[in-house]
Participant: 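Pasting a structure here, questions to come.
Order of listing sets the numbers, starting from 1, for every ligand and every atom in it.
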Amino acid sequence: MKQITLIKGDGIGPEISDAVVRIIDASGLKIDWDIQAAGTDVIEAEGTPLPDRVLESIKRNKIALKAPVTTPVGKGFRSVNVQIRKNLDLYANLRPCRNLPNVKTKFNNVDIIVVRENTEDLYAGIERMINSDTAESIKIITRNASERICKFAFDYALKNNRKEVCVVTKANIMKLSDGLFLDCYRNIAQDYPQINKREILVDNLCMQLVQNPSQFDVLVLPNLYGDIVSDLCAGLIGGLGVAQGANIGTDYAVFEPVHGSAPDIKDQNKANPTALLLSSIEMLRYTGENFFAEKIETALFKTLSEGKFTTDLGGLLSTTEFTDAVIQNLIK
Ligand code: ATP
């Protein structure tokens, strides 16, 4: 039986984790979940929101499904999410953004894969005050990190029958840093003659995305543009309740929804488990469990097609009612 680390997180994390575990179980796929508590709920007992045992578990199992984990503000703890990404060198942030059946959005036929570099750029956190009126933040772009993220995007495109990989920069202004990223894209692209190439500036991309998003296929971006554009794309497909994600490295992969722990709806049986469920479906595909991924996805899509929604999508169902409806469609 496959062993996978499960981080139930806090806020709505435990509710949506339980929903997803029930659905996967009902599909007939047996997973030995290595459950690891993390976040605010473990601080009192263990002195940190991210005990070593959590990272050790992911290193052991190589794959994790992770619900949102809150890092308490102003208590001196480093972000749990950033620590996991850094520690395991999860250099690629993958966010598939596709229209879901019956979920009303401005556009149909959105099917965009956002591949965001996860380790450097302005997020390297190198900042200082030059004097009391001037702050400086350093943007780091390296050939190594840029080439490996571009390679990741092209490999993903090849493996998943995508037609195009479009690189997004502001290389006309940041000629050296974004220029280097673009240069790395061009080098790597030569190894993939089957895939179409496209280069676009980030400002133009944003305008095109809100006018005609279906023209885009796979996007590859440095960290900051990737962060912003992936939220824009999440908005195109129905928002946080349905936005899935994954952080992937050479040795380990952590699948998680885009949304946070939503403390405002915690323990109210209101949370939409779809984003975590879609993340788990992508995880199953990643581990080669295509049959079960397909089976669960079909049941989810059927449930949505029947107009069964949680309240964030304008429906009437609670978390458990929605989960039951997906399970009904799985076993029909
Ligand atoms: P973080 O800083 O951890 O990202 P946040 O407060 O910015 O947290 P979220 O926790 O993602 O953002 O929540 C933003 C809003 O979206 C909240 O009002 C929350 O209720 C709603 N929301 C987020 N996820 C879900 C979900 N799965 N189902 C229903 N509503 C959700």
Participant: Can you pull the ring-ring contact (aromatic ring centres under 6.0 Å, His included) pairs that have at least one residue in residues 169-207, sequence neighbours excluded?
Facilitator: F154-Y185, F154-Y192
Participant: When you pair each N or O of ligand 1 with protein N or O atoms, which pairs come out under 3.5 Å?
Facilitator:
residue  : atom   : partner : partner atom : Å
ligand 1 : 10 (O) : S261    : N            : 3.4
ligand 1 : 10 (O) : A262    : N            : 2.8
ligand 1 : 11 (O) : G260    : N            : 2.5
ligand 1 : 18 (O) : D264    : OD2          : 2.8
ligand 1 : 20 (O) : D264    : OD1          : 3.1
ligand 1 : 20 (O) : D264    : OD2          : 3.0
ligand 1 : 27 (N) : H259    : NE2          : 3.2
ligand 1 : 27 (N) : N272    : O            : 3.0
ligand 1 : 28 (N) : N272    : N            : 2.9

Participant: Tabulate below the donor-acceptor pairs under 3.5 Å that side-chain atoms of residues 257-264 make, not counting sequence neighbours, or state none.
Facilitator:
residue : atom : partner : partner atom : Å
S261    : OG   : T70     : OG1          : 2.8

Participant: Please determine whether side chain to side chain donor-acceptor pair (under 3.5 Å) holds for the pair T319 and E321, giving the CA-CA distance in whole Å, both sets of side-chain angles, and the decisive distance to 0.1 Å.
Facilitator: CA-CA 6 Å; T319 311; E321 287 165 340; over 6 Å; no
Participant: Which residues, ordered by chain and number, are linked to L316 in its hydrophobic cluster, where ILVMFWY side chains connect at heavy-atom gaps below 4.5 Å, directly or through other members?
Facilitator: none
Participant: Tell me the closest heavy-atom pair linking V20 and L65, and the distance in Å.
Facilitator: CG1-CD2, 4.0 Å
Participant: Kindly indicate whether a cation-pi arrangement holds for R116 with Y225, taking the cut-offs as under 6.0 Å to the six-membered ring centre and within 45° of the axis.
Facilitator: no
